[in-house]
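One structure is given here, and the rest of the page talks about it.
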Amino acid sequence: MGADQHPYLFLLVFFVMALGFAVGPLLLAMLWAKIFSPAKPGEMKNATYECGLESKGDAWVAFKSEYYLYGILFLLFDVETIFLLPFCVAFTGLSVGAVLAMLVFVLLLVEGLAWAWVKGVLTWK
Amino acid sequence: MDDGLRNELSKQGVVVVTLEELYNWGRKNSVWPLSFGLACCAIEMMAASMARYDLARFGAEVFRPSPRQADLMIVAGTVTKKMAPQVVRLYNQMPEPKYVIAMGACAISGGPFKQGYNVLKGIDRYIPVDVHIPGCPPRPEALIHAFMMLQRKIDAQKLTGPNRARHLNADLPSEFPVPLFGEHDLVPPSNPNVWEPAVVVR
C-alpha cells in the first residue's frame, strides 16, 4: 500500500500529525497541572462573579421589554426623515399629486404616533 | 551535582538545572499581576508598567483584569474598611500559586490615614503579604525592586519537603476568611492565622 495507490493518504498523515500537535501540548499541560499545581477549589474561588463583590439574587430574572416600543417608534420616524429629506429638496418641482401623497404618508405616521400616545406607550411604567 | 562541576559545564555551553530551578525560573519570569488599583499608588504602578520603567522586562507586563488569570496582587493604595472584604475576596479568587505585594504606606499600615476610622491598618491583617514597600507613594523603581524581591522569593521556593511552597501543600489554605461589616469595625478586626502583631517588650 503506497502513496500511488492511495493519493490522499498524505492527507490522513497530515491530519494525524496536526491533531497530535494540538492535543499533545494540551495533554502535557494537564499532566503538568496535575503534578505541579494541585487544584485547591473553594466556594469563593468557584464563584461565578469575579469582581470581588458577592452576587446577589438570581440571574434568571425577567427584564421589562417596554423599551422596544420606543425603539419601534424611533425607527418609524427615523425612516420618515429619510423620506422627507428628498421630498423637501425636490419640493418646488413636485406635482400636486405627489405632495398630497407625501402628506398622506406623514399623516399615517402621525396617526400611528397618536394611537401609541393614547394607548399609553409613551409613559414609562 | 556540585556547583564547581556545573560552573565547569556552563563554560562549555552545557546548562544543567534541576526541575525545581527550571520550574521556578519559569514562574518567576511570568508573574501576571492583577490590574487592580485602590488609590494614588496605582498611578505609580501604571507608570511602572509603561515604557519608561517597563515592568515587561521582568515578564510582568500582562496585567490581568480577572483574578482567575492573575498570580500577583499588588495592593496599591489605601484599603478602606469598605473595600477590604472585596480585596480579600479577589485574593481568594486568584488561583494558586499567588503572591501579594503591599505597595505604599497605606497598604502596609494605613499610612497617613492610619488615624482614620474607615481605613484598614494594613492589608496583611487579612491576607499573607509577601513583599511590603514603604513610601507614599513608592516610586516605580521601588515597585520594581519589590518585584525583584518577589522573584527572588519565588526562586527560593521548594517544590518538595516540609517547607515546600504553599500551593503545593494541600493542607495549607488557599482561601482566607472574608471580614464582615460589623457595627463599629470589620469583624473580625484581623485574621490571627495570618497577622501576628509585633509585641513590644518594655
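Only a predicted model underlies this, so the values are computations on that prediction, with no experimental measurement involved. Only this structure's heavy atoms are used, side chains among them; waters, hydrogens and symmetry mates stay out.
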[X], part contacting chain A, at a heavy-atom distance under 4.5 Å:
X	value
B/Leu34	neither
B/Pro173	backbone
B/Met83	neither
B/Leu168	both
B/Glu96	both

Locate the shortest heavy-atom distance separating [X] from [Y]; write the atom from each residue and the value.
X	Y	value
A/Lys45	B/Glu175	N-OE2, 2.9 Å
B/Gln93	A/Gly52	OE1-N, 4.3 Å
A/Glu50	B/Arg68	OE1-NE, 2.8 Å

Just checking [X]: does its [atom1] atom have more than 12 heavy atoms from other residues, nucleotides or ligands closer to it than 6.0 angstrom?
X	atom1	value
A/Phe77	CZ	yes
B/Trp25	CH2	no
B/Phe181	CZ	yes
A/Tyr70	OH	yes

With rounding to the nearest 0.5 angstrom, report the CG to NZ distance, B/Asn92 to A/Lys40. 12.0 Å
Under 4.0 Å between a Lys/Arg side-chain N and an Asp/Glu carboxylate O for A/Glu54 and B/Arg89? yes
